[in-house]
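One structure below.
This chain uses plain numbering: 1 for the first residue, then up along the sequence. Order of listing sets the numbers, starting from 1, for every ligand and every atom in it.
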Amino acid sequence: MPSNRFQSGEMVMGRWPGSSLYYEVKVLSFNSDTQLYTVIYKDGTELELKEADIKRLSGFRQSGGHSRSRSRSPSRRRSRSRSPGRVTRRSSSRTMETRKEARKELKRKEVQEVQLSPVEKLVENNSNNKHDTKAENATAHRVSKKSEAELELNRVAVRYNLRPRKEEVETKLSEPERLEKVAKPLKEMKLSADRPTDLEFGGRIGAFFMIFLLPAMTFLLLLMCSQEDPSLLNFPPELPTLDALWDIQVFGLVILWFFFQALLYLLPVGKVVEGMPLRSGKRLKYRINGFHTFVLSTLVLGAAYYQGVDLSYIHTHFLQFAVSAFVLSVLLSVYLYLRSRRVPQDELAPGGNSGNMFYDFFIGHELNPRIKSFDLKYFCELRPGLIGWIMVNISMLLAEVKIHKLDAPSPAMILVNGFQLLYVADALWNEEAILTTMDIVHDGFGYMLAFGDLVWVPFTYSLQSFYLVNHPNPLSWPWTVTVVAINLIGYFVFRKANSQKNAFRRNPADPKLSHLRTIPTATGKSLIVSGLWGFVRHPNYLGDLIMALAWSLPCGFNHILPYFYIIYFTGLLIHRDARDDKQCRRKYGSAWDEYCQQVRYRIFPGIY
Ligand code: NDP
């Protein structure tokens, strides 16, 4: 194993990229592959640094006295600038002659070059230097008369080596102009420091194409599924007319559904809980009433059905519903992107702030967009689309009965409806668990999630029931029992893994979890290494995939189309696992490596 000089949790001095300035940082982890340390600055900025850019704290501590620097903020701390004008005081063996020479050199460079800030010197002089030179004192005196705001700007400007050269200062710029000149590159530098370095989904170009690829894929799937023979040999499907794609009444119904769900979300029922701490340290509050909403929505639709409303209308206008939901998701994404341009930097998603319009629009620029206390991302994640998926399934079931003049829905249709109903009801029953997922904690709310929540989930996850309406598949009893057993095994693994991790994260000292073996990490959190979490690294994904298989099996083996979900979902979860692995390695460093050594497989035991 390559040796790493600094340990996770250790406080060290880290060089700010692009400058020669060092700040106090905490080592979070070391990546032996890239040989980089992940460190966190006191303002919450995380960066990866080379070993050469890290110094031990002891080398930077001052030899006597204490700093009278106004603030304890790391960003305001006096830095060990390596600018040419700097005098070093560390060596005790230095002779008086050398010191004199150094002072002369300092004076000479101040006259010639400038880089040193007077404020920098003020702080230095106050704090440490017992051998002040007249020149330094004079500079300090001059600067002490400046306004507080200017002092701050100067201080920061020096930190980033942005101080203009003396010649520039002496030009005819007015004071406000000069300050503006200094502040502008500083602002740009801060912005670029907050930008993600490794872009996901194929970067800018990948994200740009995904914007078009995702809806194209959805409509292709629906068109393929509408064909009498949905085999791949029948690709491409016939293109529909404009009338078959758009109906203003359908669009109205989609909007009505969205606002009906929003209204239910606002109902003051269910508890209010706090989410994970944000970068600012704040915690947002969320109302947990998803399951209530689900029950109420079902009751309203049930009442409508008994009043004679034909719910199979969704099936007959399915493509139009999908197009309307797509239009809504685009409108929502545009709104989200526009509003995200006005929010403060610390409210942006860490991964969705690349500076590229298309990438940020796709990934999601703002982390938690809210209209007062109405959280748009949290609302969309589990309500209009997820509950909408079940409504679509019910519509398909009714359409099957109607079209084939059946007394009751087919066993295959009942299984698909029943399995997916269990999945959605479970998600809403355990709604609180979503607050620790990547979507809420890490991803911004943009086109990716808006499209995923409002279009992809209700219109592609219901593909099996849509398929069964026109492609019936009789099931034998033994096969029915086998498929039910597969779904139950999947559900057991999925639910137990998720519940165990959630319970452990909420209270690691819970006596009910005392049988679990764990590995401590430098962050104070531990990782479970026994039971399901010791079997594979993502047992919850494994359970989810087993269930996905059970949802497709009732559709038989004539066509691959009903298996689209499990194929796509396997890809999604493998990609998600890779993203999570990266984040966990960053968070937990060597403890995560140890976990990976103990639990070798990611999702599929013995395979992957
Ligand atoms: P997880 O719920 O698995 O969360 C991953 C996090 O769990 C890690 O970042 C880490 O966070 C923690 N963790 C990982 N390993 C351990 C361990 N050994 N011990 C303790 N904590 C650990 O991932 P997701 O948010 O991706 O998924 C949640 C559920 O949603 C899954 O069941 C997934 O299948 C499902 N899902 C379904 C989708 C669908 O479309 N149907 C789409 C995406 C997900 P930390 O340590 O910070 O707590």
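- Within ligand 1, the atoms closer than 4.0 Å to a non-hydrogen atom of Lys587 are 9 (O), 11 (O), 45 (P), 47 (O), numbered from 1 in the order shown.
- One option in Asn498, Asp581, Val599 has a heavy atom closer to atom 32 (O) of ligand 1 than any other, and that option is Asn498.
- Put simply, part of Tyr565 is less than 4.0 Å from ligand 1, judged by heavy atoms.
- Among His538, Arg505, Met547, the residue whose heavy atom lies nearest to atom 21 (N) of ligand 1 is Arg505.
- The residue Ala433 has no part lying near ligand 1, judged by heavy-atom distances below 4.0 Å.
- Of all non-hydrogen atoms in Asn289 and Glu431, the two that sit nearest each other are N-OE1, 3.2 Å.
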Quiz item: Is there a salt bridge (Lys or Arg N to Asp or Glu O under 4.0 Å) between Asp580 and Arg585 once you walk through the steps?
Solution: CA-CA 8 Å; Asp580 192 47; Arg585 181 155 286 114; over 6 Å; no
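- Proximity of Leu367 to Lys377: side-chain heavy atoms (C-beta onward) are separated by under 4.5 Å at one or more points.
- Counting protein heavy atoms only, atom 15 (N) of ligand 1 is closest to Trp533 CZ3, 3.7 Å.
- Within the 4.5 Å cutoff, the side chain of Met276 has heavy atoms near those of the Thr436 side chain.
- Of the candidates Lys501, Arg495, His442, Arg537, the one placing a heavy atom closest to atom 2 (O) of ligand 1 is Lys501.
- For atom 44 (C) of ligand 1, the nearest protein heavy atom (residue, atom name, distance) is Arg576 NE, 3.5 Å.
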Exercise. Would you sort out whether Tyr563 and Phe557 count as a side-chain contact (heavy atoms from CB on, under 4.5 Å), showing the intermediate values?
Key: CA-CA 9 Å; Tyr563 291 84; Phe557 300 99; 3.3 Å; yes
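- Close approach of ligand 1 to Thr437 is summarised as follows: ligand atoms under 4.0 Å from at least one heavy atom of the residue are 25 (O).
- Two residues are said to be in side-chain contact when any heavy atoms from C-beta on lie closer than 4.5 Å; Thr570 and Phe604 meet this criterion.
- For atom 30 (O) of ligand 1, no protein heavy-atom neighbour is found at a distance under 4.0 Å.
- With a 4.5 Å cut-off on side-chain heavy atoms, Tyr447 and Ile211 count as touching.
- Among Tyr541, Tyr588, Tyr423, the residue whose heavy atom lies nearest to atom 26 (O) of ligand 1 is Tyr541.
- Some N or O of Ile528 is nearer than 3.5 Å to an N or O of ligand 1, by distance alone.
- The distance from ligand 1 to the heavy atoms of Phe569 drops below 4.0 Å at these ligand atoms: 37 (C), 38 (C), 39 (C), 40 (O), 41 (N).
- Distance from atom 3 (O) of ligand 1 to its nearest protein heavy atom, with residue and atom name: Asn540 ND2, 2.8 Å.
- Those atoms of ligand 1 with a heavy atom of Cys584 less than 4.0 angstrom away are 8 (C), 9 (O), 10 (C).
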Self-check item: Pair Glu200-Arg579, salt bridge (Lys or Arg N to Asp or Glu O under 4.0 Å): steps then yes or no
Solution: CA-CA 9 Å; Glu200 299 179 281; Arg579 290 176 80 201; 2.4 Å; yes
Self-check item: Test side-chain contact (heavy atoms from CB on, under 4.5 Å) applied to Met396 and Tyr467, step by step
Solution: CA-CA 9 Å; Met396 299 299 165; Tyr467 171 88; over 6 Å; no
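- Nearest residue to atom 8 (C) of ligand 1 from Ile603, Asp580, Asp453, Thr523 is Asp580 (criterion: closest heavy atom).
- Which parts of ligand 1 touch Met438 is read off a 4.0 Å heavy-atom cut-off, strictly below it: atoms 25 (O), 26 (O).
- Cation-pi geometry between Arg370 and Tyr286 is met: under 6.0 angstrom from the ring centre, within 45 degrees of the axis.
- Contact detail for Leu513 and Ala503: the closest heavy-atom pair is CD1-C, 3.7 Å.
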Quiz item: Where do Phe6 and Phe30 land on the ring-ring contact (aromatic ring centres under 6.0 Å, His included) test, with the steps shown first?
Solution: CA-CA 8 Å; Phe6 306 102; Phe30 175 70; 9.4 Å; no
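- Taking a cut-off of under 4.0 Å to the non-hydrogen atoms of Tyr595, the atoms of ligand 1 that pass are 18 (N).
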Quiz item: So Arg495 and Asp426, salt bridge (Lys or Arg N to Asp or Glu O under 4.0 Å) or not? Walk me through it.
Solution: CA-CA 9 Å; Arg495 178 54 25 234; Asp426 176 272; 2.7 Å; yes
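- Put simply, no part of Gln583 is less than 4.0 Å from ligand 1, judged by heavy atoms.
- Using a 4.0 Å cut-off between heavy atoms, Asp544 contacts ligand 1 through its side chain alone, with no backbone atom that close.
- Closest to atom 40 (O) of ligand 1, if we only count protein heavy atoms, is Tyr461 OH, 2.7 Å.
- Residue contacts with ligand 1 include Leu572, since one or more of its heavy atoms lies under 4.0 Å from the ligand.
- Within ligand 1, counting atoms from 1 as listed, the ones closer than 4.0 Å to a heavy atom of Phe494 are 32 (O).
- A donor atom on one side chain and an acceptor atom on the other are not found under 3.5 Å apart for Trp389 and Tyr423.
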